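Single-structure report; data block below.
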Amino acid sequence: MARVLLIEDDPSVRDALTLALKGRDHEVESAASGEDGLERLARFAADVVVLDLMLPGIDGFEVCRRIRAASSTSIVMLSARGDDFDVVGGLEAGADDYVVKPVRPQVLEARIRAVLRRTDGVPSPVETYGALCVDRASLTVSRGGRQIALPPIELRLLLYLSAAPGQVFSRQQLLESVWEHDYLGDSRLVDACVQRLRAKIEDVPAEPRYVQTVRGFGYRFGPV
């Protein structure tokens, strides 16, 4: 069971998704506007926010930015169109994943479970790569002795890449393993997450040492 904050201004969509999520044993709090959603988030310790982008008043892009500036709560955005403007804008604002309307409850459920799932496995020692330290036991990351707060999807991406330094992964491989999308997915999810991750762990994001692009293939961790 997860605690889900649903921010959606269309009452029919909001009621239908609330009912569907509760039917899957989630605890759901709903809001009809961005302002109301931010107020409720301050009181409701949500595990994931399901956020419509087209909201009255403060739109979903700004809500996403404000949530991400204050916390690492997972965010799944709802896009009415699924076009580049919505998707890229939402991902750059800090969303972890997106679902295109009309929303199928089973698809939304799968995305929620995917963004909340943590890396399993036996705890291992802290791994050090230059100034970057990755602790797989406590799921923490630090650089130069200062801890870095990473949202779950960015942490999962870093853990996955750093588990095999030097190995090149295609965007599709990362979608299937990190986002757990088992279909031909959207590479924009990967590229936007990489950009956000670099902004936090790299000294110079435009010249990455840790998460490097292999042009025409995908991404790899290192060489540092």
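What you see is a predicted model, and the numbers here were worked out from it, not measured in a lab. No hydrogens, no waters, no symmetry mates; every other heavy atom, side chains included, goes into these values.
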If I compare all heavy atoms of [X] with all of [Y], which pair ends up nearest, and what's the gap?
X: Ser162; Y: Leu158; result: OG-O, 2.7 Å
X: His26; Y: Ala2; result: ND1-N, 3.1 Å
X: Gly90; Y: Met77; result: CA-SD, 3.4 Å
X: Arg14; Y: Asp9; result: NH1-O, 3.4 Å
X: Ala20; Y: Pro105; result: CB-CB, 3.7 Å
X: Val28; Y: Lys22; result: CG2-CG, 3.8 Å

Separation between [atom1] of [X] and [atom2] of [Y], rounded to the nearest 0.5 Å:
X: Thr18; Y: Glu8; atom1: OG1; atom2: CD; answer: 9.5 Å
X: Asp97; Y: Glu180; atom1: CG; atom2: CD; answer: 10.5 Å
X: Leu116; Y: Asp96; atom1: CG; atom2: CG; answer: 9.0 Å
X: Leu139; Y: Leu159; atom1: CG; atom2: CG; answer: 6.0 Å
X: Arg196; Y: Leu157; atom1: CZ; atom2: CG; answer: 9.5 Å
X: Leu5; Y: Glu29; atom1: CG; atom2: CD; answer: 7.0 Å

Check whether [X] reaches the backbone of [Y] with its side chain - one donor and one acceptor, N or O, closer than 3.5 Å.
X: Ser142; Y: Gly145; value: no
X: Glu62; Y: Asp59; value: no
X: Arg111; Y: Ala114; value: no
X: Glu176; Y: Arg171; value: no

Contact check, side chains of [X] and [Y], non-hydrogen atoms, under 4.5 Å:
X: Leu53; Y: Leu78; answer: no
X: Leu161; Y: Arg220; answer: no
X: Leu51; Y: Leu55; answer: yes
X: Tyr219; Y: Val214; answer: no
X: Pro151; Y: Arg156; answer: no
X: Val134; Y: Val126; answer: no
X: Val50; Y: Leu108; answer: yes

query = Given Trp179 and Ile153, is the side-chain contact (heavy atoms from CB on, under 4.5 Å) satisfied, shown in steps?
reply = CA-CA 8 Å; Trp179 280 262; Ile153 198 66; 3.6 Å; yes

inquiry  = Ring of Tyr210, cation from Arg198 - is the NZ or CZ under 6.0 Å from the centre and inside 45° of the axis?
reply    =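 Here Arg198 fails the 6.0 Å and 45° test against Tyr210.
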
inquiry  = Could you go through Glu27 and Val4, starting from their C-alpha distance and side-chain angles, then the distance that decides it, and tell me whether this counts as side-chain contact (heavy atoms from CB on, under 4.5 Å)?
reply    = CA-CA 6 Å; Glu27 182 179 350; Val4 181; over 6 Å; no

Say whether [X] and [Y] are linked into one hydrophobic cluster, either directly or through other cluster members, by side-chain heavy-atom distances under 4.5 angstrom.
X: Phe61; Y: Leu41; answer: no
X: Leu197; Y: Leu175; answer: yes
X: Ile7; Y: Met54; answer: no
X: Val63; Y: Ile112; answer: no
X: Val100; Y: Val87; answer: yes

inquiry  = Side chains of Asp135 and Ser138: any donor to acceptor distance under 3.5 Å?
reply    =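 Distance-only check passes for Ser138 and Asp135.
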
task = For Ser79 and Tyr98, test the side chains for any donor-to-acceptor distance below 3.5 angstrom and give the result as yes or no.
result =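 Absent: no donor and acceptor within the cut-off.
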
inquiry  = Run the salt bridge (charged side-chain N to carboxylate O under 4.0 Å, His left out) test on Asp52 and Lys101 for me, step by step, so that the C-alpha distance in whole Å, both residues' side-chain angles and the decisive distance to 0.1 Å come before the verdict.
reply    = CA-CA 10 Å; Asp52 183 25; Lys101 291 182 177 181; 3.3 Å; yes

request  = Go through Glu127 and Arg136 one step at a time and tell me if the salt bridge (charged side-chain N to carboxylate O under 4.0 Å, His left out) criterion holds.
outcome  = CA-CA 8 Å; Glu127 300 167 2; Arg136 295 179 182 273; 2.8 Å; yes

task = Report the C-alpha separation of Arg188 and Glu92 in whole Å, then their side-chain angles, then the decisive distance to 0.1 Å, and conclude whether the salt bridge (charged side-chain N to carboxylate O under 4.0 Å, His left out) test is met.
result = CA-CA 10 Å; Arg188 292 173 295 188; Glu92 289 181 345; over 6 Å; no

request  = For side-chain contact (heavy atoms from CB on, under 4.5 Å), just list the numbers for Val48 and Thr73, CA-CA rounded to whole Å, side-chain angles, deciding distance to a tenth of an Å, and then say yes or no.
outcome  = CA-CA 6 Å; Val48 60; Thr73 304; 5.5 Å; no

inquiry  = Can you confirm if the aromatic rings of Phe221 and Tyr129 lie within a centre distance of less than 6.0 Å?
reply    =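 Yes, close enough.
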
message = Could you check whether atom CD of Gln106 has more than 12 heavy atoms from other residues, nucleotides or ligands sitting under 6.0 Å from it?
response =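 Yes, CD of Gln106 has more than 12 neighbouring heavy atoms, counting only those of other groups under 6.0 Å.
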
key: salt bridge (charged side-chain N to carboxylate O under 4.0 Å, His left out) assessment of Arg3 paired with Asp47   = CA-CA 5 Å; Arg3 293 166 61 88; Asp47 299 308; 5.2 Å; no

key: side chain to side chain donor-acceptor pair (under 3.5 Å) evaluation trace for Arg40 with Ser30   = CA-CA 8 Å; Arg40 289 176 185 268; Ser30 63; over 6 Å; no

